[in-house]
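Below: the structure, in structure tokens.
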Amino acid sequence: MQTGGWRRRALLWAALLAVVGCVVAWVMLFAERGQSFSAMPECPGGHPVVIDPGHGGIDGGTNVPGMLEKDVVLDVALRTKQYLDKYQVPVLLTRSDDVQLGGALDRGRLRRDLNFRIAAANHCQASLMLSLHVNSTRNTAERGVMVFYQPSRSSRDAAYLFEDMLRRWPVHERRERPIPRTNLAVLKTKAPALLIELGFITNSADRQLLGDPAYREKLAQALSSSTAAIYHKWLKQGSQ
Ligand SMILES: [Zn+2]
């Protein structure tokens, strides 16, 4: 009896451990895949351009007292969308409010936030993904807009068109050409993708510009002109 009871308890413990092990493995796998808990958005018709203001909610992005990246990029994204509506370009905003997109506030949140943005673009069969951010660096002299692109031919074409348009408005005079990047998660959409750093929060002149509504409007005009140009060009090529 004694031995049988011990065996039963041992078996129960083993079963319990196996169950706990499975749950832990499942949670780790889930975190690893960075699955998003947010629901997919409703897609606008056609192949929309995804305007993706980075960060949001608990994630302010880069910041200095009085300025948060998440606020600057959201404002520019909303202004850009207004112009694109006029240009009749269907737009999907990954967020139109101050919210984070990673679901539960745990360790996997940031990965899920990025995955959600990519999944939303793929889900809506986007024609272009445009992710907006604000830069920061220790070198306070560094300034200007930077354009990063997914290493694909169409992303490169879009990147150079954006760069050209941003110079012509003129929004900046930075000499650096668009930069291909393979290690930026948000550039891993099926659609051609660009990440645009709108300026350096760590540079006082850029910071002043980024805080100025008139400058944000100019940025939105440059971004929407570029987006509309590339969208209609691709649409035309697609229909030929
Ligand atoms: Zn950012």
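In this text, all values refer to a predicted model and were calculated from it rather than measured experimentally. Numbers here are sequence positions counted from 1. Atoms within a ligand are numbered from 1 in the order they appear, just like the ligands themselves.
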Output a table of donor-acceptor pairs, distance under 3.5 Å, between side-chain atoms of residues 62-73 and any protein atom two or more places apart or on a different chain; print 'none' if there are none.
unit_1: T62; atom_1: OG1; unit_2: S136; atom_2: OG; d: 3.3
unit_1: N63; atom_1: ND2; unit_2: G61; atom_2: O; d: 3.1
unit_1: E69; atom_1: OE1; unit_2: H55; atom_2: NE2; d: 3.2
unit_1: E69; atom_1: OE1; unit_2: T62; atom_2: N; d: 2.8
unit_1: E69; atom_1: OE2; unit_2: H55; atom_2: NE2; d: 3.2
unit_1: E69; atom_1: OE2; unit_2: H133; atom_2: ND1; d: 3.1
unit_1: E69; atom_1: OE2; unit_2: V134; atom_2: N; d: 2.8
unit_1: K70; atom_1: NZ; unit_2: G57; atom_2: O; d: 2.9
unit_1: K70; atom_1: NZ; unit_2: D98; atom_2: OD1; d: 3.1
unit_1: K70; atom_1: NZ; unit_2: D98; atom_2: OD2; d: 3.0

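- Under the salt bridge (charged side-chain N to carboxylate O under 4.0 Å, His left out) criterion, R167 pairs with E163, sequence neighbours left out.
- In terms of heavy-atom proximity, P192 sits nearest to S154 at CG-OG, 3.5 Å.
- Only protein N, O or S atoms were scored, and 3 of them lie under 2.8 Å from the Zn ion (ligand 1).
- With a 6.0 Å radius and a threshold of 12 heavy atoms from other residues, nucleotides or ligands, R177 has its CZ atom above the threshold.
- Panel note: side chain R79, backbone L74; no donor-acceptor pair is recorded below 3.5 Å.
- Pairs of residues two or more places apart, or lying in two chains, that qualify as side chain to side chain donor-acceptor pair (under 3.5 Å) and include a residue from residues 196-212 are R143-D206.
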